[in-house]
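All figures in this text were calculated on a predicted structure; none of them were measured in a lab.
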Amino acid sequence: MTNTTTPPVHGYDELDRLMGLMTGDEKHGPAATSTLDVLWVLYDRVLRVSPATADSPGRDRFVLSKGHGPMAYYAVLAARGFFGEELLSGFGAYDSPLGHHPDRLLVPGVEIGSGSLGHGLPLAVGNVLGLRAQGLPDPRVWVLTGDAELDEGSNHEAIAYAGPAGLEQLNTVVIDNASATYARPGGIAARFEAAGWSALAVDGRDHEALHAAFTAPHPGRPHAVIARVASGR
């Protein structure tokens with residue numbers, strides 16, 4: 001489960017600089033920075049996708065459901081060479097491909113055009129079912145969602161379906177920054193486990209802990225990683 005693609009154009013230590021190139025009043029900075037370490041570990045060490053394989057049927061798919069904070073996502077994509085860093089300074093401008101929500105038709109490497117919260121996990125379930133129907137059991141589908149998104153009923157339906165369906169290719173990362181409105185008895189991991197998922201909770205800034213959780217075996221079951229973070233860097 002190692003990313004064997006080409007080395008990054010920029011390293012982790014340059015992500016703050018890349019994010020600093022993006023300015024404007026609609027940055028949703030805390031929403032973005034809370035995802036930065038998760039995104040880096042996924043793209044640097046886990047996801048089997050690169051600029052050269054972004055359209056390959058056998059690639060892993062990554063779905064950013066937490067689409068209102070895309071700055072970290074854009075920085076990581078630029079660092080991995082999906083597009084040049086010169087695009088970052090135009091973030092949110094009228095003629096820039098880098099909008100306040102990612103657009104799969106405009107941004108290389110983006111799998112969905114994310115809008116209203118709560119859509120990513122159901123779409124990821126559909127992705128896995130589509131891959132199965134095409135006889136493609138190897139590509140994995142990863143979705144990154146926020147804890148507040150779990151207030152959306154569409155996510156609960158997706159969670160309830162994926163476990164009994166045994167969607168082993170499905171992996172979900174929940175950014176837990178304590179922003180959800182409704183408490184869940186036993187915590188977020190317990191919600192997934194009750195629906196038949198494998199679930200682990202880790203420090204969302206600890207790269208080794210994240211990597212271990214992302215690569216933990218979960219035969220016959222979808223997998224959820226709850227990444228606990230405080231907003232900001």
Original post:
Roughly how far apart are Leu131 CG and Asp138 CG, rounded to 0.5 Å?
Top reply: 10.0 Å
Original post:
Mind checking whether Trp40 and Tyr12 have parallel, tilted or perpendicular rings, split at 30° and 60°?
Top reply: tilted
Original post:
Out of curiosity, does Leu64 fall in the hydrophobic cluster containing Val141 (side-chain heavy atoms, cut-off under 4.5 Å, transitive links)?
Top reply: no
**OP:** Step by step, work out the side chain to side chain contact (heavy atoms under 4.5 Å, CB included) result for Val143 and Leu123.
**Re:** CA-CA 9 Å; Val143 56; Leu123 286 170; over 6 Å; no
**OP:** With sequence neighbours left out, write down each residue that passes salt bridge (charged side-chain N to carboxylate O under 4.0 Å, His left out) with Glu208, or none if nothing qualifies.
**Re:** Arg45
Original post:
When rounded to the nearest 0.5 angstrom, what distance separates CG in Leu88 from CG in Leu77?
Top reply: 9.5 Å
Original post:
Distance-only, no hydrogens or angles: does the Arg61 side chain make a donor-acceptor pair with backbone N or O of Arg59 under 3.5 Å?
Top reply: yes
Original post:
Is there a donor-acceptor contact under 3.5 Å from the side chain of Arg140 to the main chain of Asp60?
Top reply: no
**OP:** Output yes when Glu168 and Arg132 qualify as a salt bridge under the 4.0 Å nitrogen-oxygen rule, no when they do not.
**Re:** no
Original post:
Looking only at heavy atoms, which two atoms of Pro222 and Gly196 are closest? And how far apart?
Top reply: CD-O, 4.3 Å
Subject >> Exam field: side chain Trp197 to backbone Ile159, donor-acceptor pair closer than 3.5 Å >> reply: yes
Original post:
Under 4.5 Å between side-chain heavy atoms, hopping through other hydrophobics if needed: is there a path connecting Phe82 to Ile112?
Top reply: no
Original post:
Between Ala78 and Val9, which heavy-atom pair has the shortest distance, and what is it?
Top reply: O-CB, 4.3 Å
**OP:** Using the test salt bridge (charged side-chain N to carboxylate O under 4.0 Å, His left out), find all partners of Glu193 that sit at least two apart in sequence or belong to another chain.
**Re:** none
**OP:** Flag the pair Ile175 / Val229 as yes when at least one side-chain heavy-atom distance between them is below 4.5 Å, and no otherwise.
**Re:** yes
Original post:
What residues form a side chain to side chain contact (heavy atoms under 4.5 Å, CB included) with Ile188, not counting sequence neighbours?
Top reply: Asp147, Leu150, Val174, Asp176, Arg184, Phe192, Ile226
**OP:** Give a yes or no answer on whether the side chain of Asn177 reaches the backbone of Arg228 with a donor-acceptor pair at less than 3.5 Å.
**Re:** no
**OP:** Evaluate the criterion side chain to side chain contact (heavy atoms under 4.5 Å, CB included) for residue pair Tyr43 and Val49; output intermediate values, then yes/no.
**Re:** CA-CA 8 Å; Tyr43 273 91; Val49 65; 4.2 Å; yes
Subject >> Ser96 side chain to Gly90 backbone, donor-acceptor under 3.5 Å >> reply: yes
Subject >> Side-chain touch Pro97/Phe83, heavy atoms, less than 4.5 angstrom >> reply: no
Subject >> His211 backbone acceptor or donor facing Thr215 side chain under 3.5 Å >> reply: yes
Subject >> Verdict with reasoning, Leu47 to Phe214, per side chain to side chain contact (heavy atoms under 4.5 Å, CB included) >> reply: CA-CA 10 Å; Leu47 291 172; Phe214 293 160; over 6 Å; no
Subject >> Distance-minimising heavy-atom pair for Pro139 and Pro57 >> reply: CG-O, 3.7 Å
**OP:** Measure the NE2-OG distance between His119 and Ser154 for me, rounded to the nearest 0.5 Å.
**Re:** 6.0 Å
Subject >> Test side chain to side chain contact (heavy atoms under 4.5 Å, CB included) applied to Phe62 and Leu144, step by step >> reply: CA-CA 8 Å; Phe62 174 78; Leu144 189 153; 3.7 Å; yes
Original post:
Shortest non-hydrogen contact from Ala213 to Val202?
Top reply: CB-CG1, 3.9 Å
**OP:** Any chance you could measure Glu152, atom CD, to Glu157, atom CD, to the nearest 0.5 Å?
**Re:** 11.0 Å
Original post:
Do Thr172 and Val225 have side-chain heavy atoms sitting under 4.5 Å apart?
Top reply: no
Original post:
Which pair of non-hydrogen atoms, one from Val110 and one from Pro102, has the smallest distance, and what is that distance?
Top reply: CG1-CB, 3.9 Å
Subject >> ILVMFWY network linking Leu87 to Leu15, side-chain heavy atoms under 4.5 angstrom >> reply: yes
Original post:
Side chains of Lys66 and Ser34: does their closest heavy-atom pair fall under 4.5 Å?
Top reply: yes
Original post:
Ignoring hydrogens and geometry, is there a side-chain-to-backbone donor-acceptor pair from Ser65 to Thr145 under 3.5 Å?
Top reply: no
Original post:
Is the shortest distance from a Lys or Arg side-chain nitrogen in Glu85 or Arg17 to a carboxylate oxygen in the other one below 4.0 Å?
Top reply: yes
**OP:** Provide the closest heavy-atom pair for Pro70 versus Gly99 in the form atom of the first, atom of the second, distance.
**Re:** CG-O, 3.9 Å
Original post:
Leu200 and Leu42: same hydrophobic cluster, using ILVMFWY side-chain contacts below 4.5 Å?
Top reply: no
Original post:
What distance separates Arg221 CZ from Leu170 CG, expressed to the nearest 0.5 Å?
Top reply: 13.0 Å
**OP:** Could you tell me how the ring of His218 sits relative to the ring of His223: parallel (under 30°), tilted (30 to 60°) or perpendicular (over 60°)?
**Re:** parallel
Original post:
Can you hop from Leu210 to Trp142 via hydrophobic side chains spaced under 4.5 Å?
Top reply: yes
Subject >> Test: Arg80 and Asp44 ion pair at under 4.0 Å >> reply: yes
Original post:
Out of curiosity, Leu36 CG to Tyr73 OH, how far, rounded to the nearest 0.5 Å?
Top reply: 14.0 Å
**OP:** Give a yes or no on whether the backbone of Leu136 and the side-chain of Gln169 come within a donor-acceptor separation of less than 3.5 Å.
**Re:** yes
